There are 2 protein chains.
Amino acid sequence: MTIRYAILGFLSWKESSGYELKKIFEDSPYLYWSGNNNQIYKSLLQLQKAGLVTYKTVHQDGAPSKKIYSITKKGQEELKKWIMTAPAVPEFKKPFLIQMAWADILSKEELKALFARYEKEIETQLNFQKEKYDREKDWPNRSPRETFLWNMISVNLMSTFQSELAWIRKVSQQLSRFEE
Amino acid sequence: MTIRYAILGFLSWKESSGYELKKIFEDSPYLYWSGNNNQIYKSLLQLQKAGLVTYKTVHQDGAPSKKIYSITKKGQEELKKWIMTAPAVPEFKKPFLIQMAWADILSKEELKALFARYEKEIETQLNFQKEKYDREKDWPNRSPRETFLWNMISVNLMSTFQSELAWIRKVSQQLSRFEE
DNA sequence: TGTCTCATGTAAGGGGTTACATGATTCC
DNA sequence: GGAATCATGTAACCCCTTACATGAGACA
């Protein structure tokens with residue numbers, strides 16, 4: 001379960017409550033989970049049972065109590081071990097390709113429209129990406145090298161969508177060869 | 001559940017048994033499911049209950065009986081309806097980016113090694129891709145346009161990995177700026 | 001003798017999602 | 001009065017994966 005390591009990573013940067021982690025997951029595009037309660041609160045419980053994190057309960061007035069989690073020494077070791085393991089193969093799930101596989105039953109207008117829709121969808125995603133990148137200023141940059149790493153993560157996400165966009169545009173363009 | 005539509009698609013091309021479908025899913029990279037029994041046999045059952053497919057049992061000697069599934073008229077209509085719906089956003093899951101996010105704790109040698117591993121992994125995936133593309137000859141090509149669509153699917157998968165490869169190479173190269 | 005192919009199916013469990021539940025405060 | 005924010009948690013359900021089960025014939 002990679003999500004536990006993603007949480008461990010964040011806690012290695014700064015201690016947080018489940019609620020804060022939830023928000024981070026919700027709007028970090030490279031953290032590809034939805035950030036729902038079930039996952040985060042359960043993961044924190046498991047991490048705590050495994051001795052990789054601890055928490056202290058902080059009482060607030062005018063707001064509910066919260067549990068501030070922080071990483072343990074064992075957690076830090078476990079994190080480093082994981083970072084150095086062989087990277088997993090990235091997963092690409094594109095239901096659109098399955099639509100395309102059987103799209104020859106569509107008329108040329110219908111096909112054109114389908115491609116145009118996908119192009120718009122990818123453009124939208126790319127813009128979301130850019131917006132998020134511009135908004136984020138409070139990421140870890142404890143060293144120039146760390147800042148570089150985080151920039152490259154953003155570049156990766158954007159170039160993934162850009163590559164998809166270039167592809168669908170080429171497909172749309174080449175489709176015209178089959179028209180008359 | 002997209003897998004049911006993927007199955008419907010194949011059955012719209014030619015009737016098949018669950019066993020045959022399983023093999024198709026196992027080595028079609030754009031069909032991003034593992035192609036395990038549970039999924040395929042259950043999906044076929046659901047499709048059949050919904051009246052989108054039917055089957056006839058074929059007895060063989062020297063081999064177990066099999067169920068040959070074929071698409072119904074209702075199934076064809078359902079498939080066309082789905083193909084014309086708004087394409088879903090592609091999903092990209094890259095655990096490597098999470099490793100990278102916290103990789104500043106590594107030494108330069110360790111970081112270099114991590115990047116080199118990822119590069120090799122992507123190269124391997126790209127080669128798998130190419131091999132499969134070269135091997136596949138018995139795909140639907142009932143019209144030049146259909147052949148074009150299937151070629152573009154392969155191009156998509158390859159360019160996705162190529163884009164990832166270009167990115168990791170650039171990252172590796174730029175990393176040298178932080179060395180001394 | 002052991003493994004591979006053909007062929008269908010089940011069991012168990014992990015991972016992920018949405019929705020529900022509570023309860024105070026703040027903002028419109 | 002109603003929605004949003006803070007904060008933690010549970011329930012129900014779907015999807016997906018690995019592994020198990022059966023049983024015949026082919027091949028080394």
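Bear in mind the structure is a predicted one, so any value in this text is a computation, not a measurement. Side-chain atoms are counted along with the backbone in the values below, which use heavy atoms only and exclude waters and symmetry mates. Chain A is the first sequence line, chain B the second, and so forth, proteins listed ahead of strands; every chain is numbered from 1.
Taking the side chain to side chain contact (heavy atoms under 4.5 Å, CB included) definition, one finds that B:Lys120 meets it with B:Glu123, sequence neighbours left out. Residues meeting the side chain to side chain contact (heavy atoms under 4.5 Å, CB included) test with A:Ser16, sequence neighbours left out: A:Leu11, A:Lys14, A:Glu20, A:Leu21. Taking the ring pair (Phe, Tyr, Trp, His ring centres under 6.0 Å) definition, one finds that A:Trp82 meets it with A:Tyr5, sequence neighbours left out.
Using a 4.0 Å cutoff on non-hydrogen atoms, the parts of residues 47-62 of chain B near DNA chain D are B:Gly62, ordered by number. Annotation: proximity of residues 14-36 of chain B to DNA chain D (heavy atom, distance under 4.0 Å) is found for B:Trp33, B:Ser34, B:Asn36, numbered in ascending order.
Between the CD atom of A:Glu91 and the C1' atom of C:dG16 there is a distance of 13 Å, given to the nearest Å. For the pair A:Gln39 CD and C:dT17 C1', the interatomic distance rounds to 8 Å; values are reported in whole Å. Summarising the geometry, the separation between NZ on A:Lys42 and P on C:dT17 is reported as 13 Å, rounded to the nearest angstrom. Across the protein-nucleic acid pair, B:Ile68 atom CD1 and C:dC6 atom C1' stand 12 Å apart, rounded to whole Å.
Taking a 4.5 Å side-chain heavy-atom cut-off between Ile, Leu, Val, Met, Phe, Trp and Tyr, the cluster of B:Phe128 contains only that residue. Summarising the hydrophobic clusters (Ile, Leu, Val, Met, Phe, Trp, Tyr; side-chain heavy atoms under 4.5 Å, direct or chained), the residues clustered with A:Tyr41 are A:Tyr19. With side-chain heavy atoms closer than 4.5 Å counting as contact, directly or through intermediates, the hydrophobic cluster containing A:Val58 also holds A:Ile68.
Residue contacts for A:Lys67: at a heavy-atom cut-off of 4.0 Å it reaches the sugar-phosphate backbone alone, with no base atom in range.
Among pairs with a residue in residues 80-93 of chain B, those fulfilling salt bridge (charged side-chain N to carboxylate O under 4.0 Å, His left out) read A:Glu110-B:Lys80, B:Glu78-B:Lys81, B:Glu91-B:Lys93, at least two apart in sequence or across chains.
For the pair B:Phe10 and B:Tyr69, the minimum side-chain heavy-atom distance is 4.5 Å or more. B:Leu31 has its side chain within reach of B:Trp33: a pair of non-hydrogen atoms, C-beta onward, lies under 4.5 Å apart.
Between chain A and DNA chain D, the heavy-atom contact criterion of under 4.0 Å yields a 5' to 3' nucleotide range of D:dT5 to D:dA12.
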Show which side-chain atoms of residues 151-166 of chain B pair as donor or acceptor with protein atoms under 3.5 Å away, not counting sequence neighbours.
{"residue": "B:Asn151", "atom": "OD1", "partner": "B:Tyr133", "partner atom": "OH", "Å": "3.0"}
{"residue": "B:Asn151", "atom": "ND2", "partner": "B:Thr147", "partner atom": "O", "Å": "3.4"}
{"residue": "B:Asn156", "atom": "OD1", "partner": "A:Lys94", "partner atom": "NZ", "Å": "2.8"}
{"residue": "B:Asn156", "atom": "ND2", "partner": "A:Glu164", "partner atom": "OE1", "Å": "3.4"}
{"residue": "B:Asn156", "atom": "ND2", "partner": "A:Glu164", "partner atom": "OE2", "Å": "3.2"}
{"residue": "B:Ser159", "atom": "OG", "partner": "B:Val155", "partner atom": "O", "Å": "3.0"}
{"residue": "B:Ser159", "atom": "OG", "partner": "B:Asn156", "partner atom": "O", "Å": "3.1"}
{"residue": "B:Thr160", "atom": "OG1", "partner": "A:Lys94", "partner atom": "NZ", "Å": "2.7"}
{"residue": "B:Thr160", "atom": "OG1", "partner": "B:Asn156", "partner atom": "O", "Å": "2.8"}
{"residue": "B:Glu164", "atom": "OE1", "partner": "A:Asn156", "partner atom": "ND2", "Å": "3.4"}
{"residue": "B:Glu164", "atom": "OE1", "partner": "B:Lys94", "partner atom": "NZ", "Å": "2.7"}
{"residue": "B:Glu164", "atom": "OE2", "partner": "A:Asn156", "partner atom": "ND2", "Å": "3.2"}
{"residue": "B:Glu164", "atom": "OE2", "partner": "B:Tyr118", "partner atom": "OH", "Å": "2.7"}

Atom pairs and distances, side-chain donor-acceptor, residues 46-53 of chain A, under 3.5 Å, sequence neighbours left out:
{"residue": "A:Gln46", "atom": "OE1", "partner": "A:Arg4", "partner atom": "NE", "Å": "2.9"}
{"residue": "A:Gln46", "atom": "OE1", "partner": "A:Arg4", "partner atom": "NH2", "Å": "3.4"}

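With hydrogens and angles ignored, a donor-acceptor pair under 3.5 angstrom links the side chain of A:Asn38 to the base of C:dT17.
With the nearest nucleotide of DNA chain C identified for both B:Tyr69 and A:Met1, B:Tyr69 has the one nearer the 5' end.
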